[in-house]
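Have a look at the structure below, then the notes.
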Amino acid sequence: MRRLDPQGENARVAVVVAKFGYSAVERNKLKRRLRELVRTRMLPVLAPMDLLIRARRNAYGATFEALRDDVSDAARRLSRPGQAS
């Protein structure tokens with residue numbers, strides 16, 4: 001995860017999912033899950049910022065609940081000033 005200074009009034013989030021030898025169907029499923037979690041868990045609590053989320057290899061095997069917990073944890077850390085890198 002990488003946070004940059006804001007360029008506008010709203011938070012902007014990009015999700016990057018590398019191939020890691022997985023099919024396009026699997027990559028798209030992971031991207032859809034992460035985008036939905038960002039939309040429901042992160043955007044409501046984020047201050048204006050540009051944020052890049054890069055999925056790791058083990059995200060492919062993670063349950064939706066595990067991804068939800070990770071995204072929620074990241075949202076909590078980012079909502080506190082000076083806590084993210």
Side-chain angles (χ1 to χ4, degrees):
M1 184 168 50
R2 177 70 62 189
R3 176 182 170 175
L4 299 174
D5 291 330
Q7 298 296 319
E9 296 179 11
N10 299 313
R12 298 186 308 172
V13 180
V15 176
V16 176
V17 177
K19 291 182 180 180
F20 294 123
Y22 288 89
S23 70
V25 171
E26 293 166 312
R27 289 192 307 273
N28 288 332
K29 181 179 178 181
L30 180 56
K31 282 191 280 191
R32 284 192 306 272
R33 286 177 163 193
L34 289 172
R35 282 194 303 248
E36 177 63 13
L37 289 169
V38 165
R39 185 182 70 80
T40 59
R41 301 284 176 159
M42 276 193 157
L43 290 180
V45 298
L46 288 182
M49 69 176 73
D50 292 340
L51 181 66
L52 173 67
I53 298 174
R54 182 181 176 273
R56 294 186 175 179
R57 184 184 307 262
N58 59 355
Y60 280 101
T63 64
F64 187 78
E65 291 76 22
L67 291 173
R68 182 193 62 216
D69 293 344
D70 287 345
V71 169
S72 295
D73 181 52
R76 275 192 298 277
R77 287 185 286 136
L78 288 168
S79 66
R80 287 185 261 151
Q83 295 294 316
S85 58

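For the numbers below, each heavy atom of this structure counts, side chains included, while hydrogens, waters and symmetry mates do not. Here the structure is a predicted model, which means the values were calculated and not measured.
One finds the CZ atom of Arg76 at 9.0 Å from the CZ atom of Arg41 (value rounded to the nearest 0.5 Å). Here the OG-CD distance, from Ser72 to Glu65, works out to 11.5 Å after rounding to the nearest 0.5 Å. The CE atom of Met42 lies 5.5 Å from the CG atom of Leu51; values are rounded to the nearest 0.5 Å.
Counting only heavy atoms from C-beta outward, the side chains of Arg27 and Leu30 never approach each other to under 4.5 Å. A 4.5 Å side-chain heavy-atom check between Val13 and Leu46 finds at least one atom pair inside the cut-off. Between Arg33 and Lys29, the closest side-chain pair of non-hydrogen atoms falls below 4.5 Å.
In the hydrophobic cluster analysis, where Ile, Leu, Val, Met, Phe, Trp and Tyr join through side-chain heavy atoms closer than 4.5 angstrom, Leu34 is grouped together with Leu43. In the hydrophobic clustering of this structure, Val25 does not group with Val16; members are Ile, Leu, Val, Met, Phe, Trp, Tyr whose side-chain heavy atoms approach within less than 4.5 Å, directly or through other members.
Under the 30°/60° scheme for interplanar angles, the aromatic rings of Tyr60 and Phe20 are found to stand perpendicular.
Nearest heavy atom pair, residue Ala47 against residue Ala11, reads O-CB, 3.6 Å. Pairing each heavy atom of Pro44 with each of Val38, the nearest pair is CD-O, 4.5 Å.
The closest donor-acceptor contact from the side chain of Arg68 to the backbone of Leu37 lies at 3.5 Å or more, if one exists at all.
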